[in-house]
Amino acid sequence: MSRFTLPPLGYPFDALEPNIDERTMRIHYLKHHQTYINHLNAALERHPELMEKSLTELLSDLRAIPEDIRTDVRNNGGGHYNHSLLWKILTPGGSNRPVGLLKQAIDRELNGYDSFRAVFSRAAAEQFGSGWAWLVVDEDDRLQVTRMANQDNPVMVGKTPILGIDVWEHAYYLKYQNRRAEYIDHFIPLINWDVVAGKYEQVLKQFS
Ligand code: MN3
């Protein structure tokens with residue numbers, strides 16, 4: 001039996017049209033995400049003692065992963081974690097602005113939504129090559145915008161991601177080609193701030 005499986009997308013492939021096209025969604029979810037899962041499972045099969053661990057446990061202590069599968073777990077475990085989060089924080093409806101405690105924190109710690117949006121967009125645009133821009137909760141429960149290469153994930157450096165944008169070309173190339181900034185502008189209105197705010201409150205509870 002496979003350890004990790006593809007989580008439900010939660011909406012139809014064309015639900016994010018026109019901002020994210022149906023064909024990109026199908027390939028991204030069915031092919032890219034599934035492949036990360038397949039490769040992660042294949043790596044773990046070589047070390048069944050790791051089967052008990054959650055994905056977060058695996059990624060938050062990569063040094064504890066046997067060296068022969070460490071890079072596979074990093075890349076493919078990261079890929080599985082990142083895409084599972086990505087599908088959840090996108091929506092065809094939902095709140096299109098931060099709400100609740102998260103809104104207060106963005107106002108307090110990131111100078112408000114407009115400033116957050118500018119900083120997050122810049123991080124996504126400036127990530128050289130493949131990677132992600134993130135909104136994370138750091139070790140001191142403070143919000144931070146950050147970016148990481150490839151499928152690396154903030155849990156690898158002790159932070160908890162509550163929002164991420166995939167800037168690998170496979171996430172936007174069919175529709176936007178080299179116009180990454182345009183993709184970013186069309187991604188942001190799809191963010192489900194209800195879900196992101198829920199994640200933020202979960203993190204606060206976890207560490208309080
Ligand atoms: Mn991707």
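Just so you know, ligand 1 is whichever comes first in the structure, and atom 1 is the first atom listed for that ligand. Being a predicted model, the structure only gives us computed values, none of them experimental.
The nearest N/O/S atom of Asp166 to the Mn ion (ligand 1) is OD2.
A salt bridge is absent between Glu201 and Lys205: the closest approach of a Lys/Arg side-chain nitrogen to an acidic carboxylate oxygen does not fall below 4.0 angstrom.
For CZ of Arg142, the number of neighbouring non-hydrogen atoms (other residues, nucleotides, ligands) closer than 6.0 Å is 12 at most.
Taking the six-membered ring for Trp and the full ring otherwise, the centers of Trp87 and His28 sit less than 6.0 Å from each other.
Distances from the Mn ion (ligand 1) show that His170 has an N/O/S atom below 2.8 Å. Residue contacts to the Mn ion (ligand 1): His33 brings no N, O or S atom closer than 2.8 Å.
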For residues 104-116, please give each side-chain donor-acceptor pair under 3.5 Å, one per line with the distance, not counting sequence neighbours.
from   : atom 1 : to     : atom 2 : distance (Å)
Asp107 : OD2    : Lys103 : NZ     : 2.7
Glu109 : OE1    : Leu143 : N      : 2.8
Ser115 : OG     : Leu110 : O      : 3.1

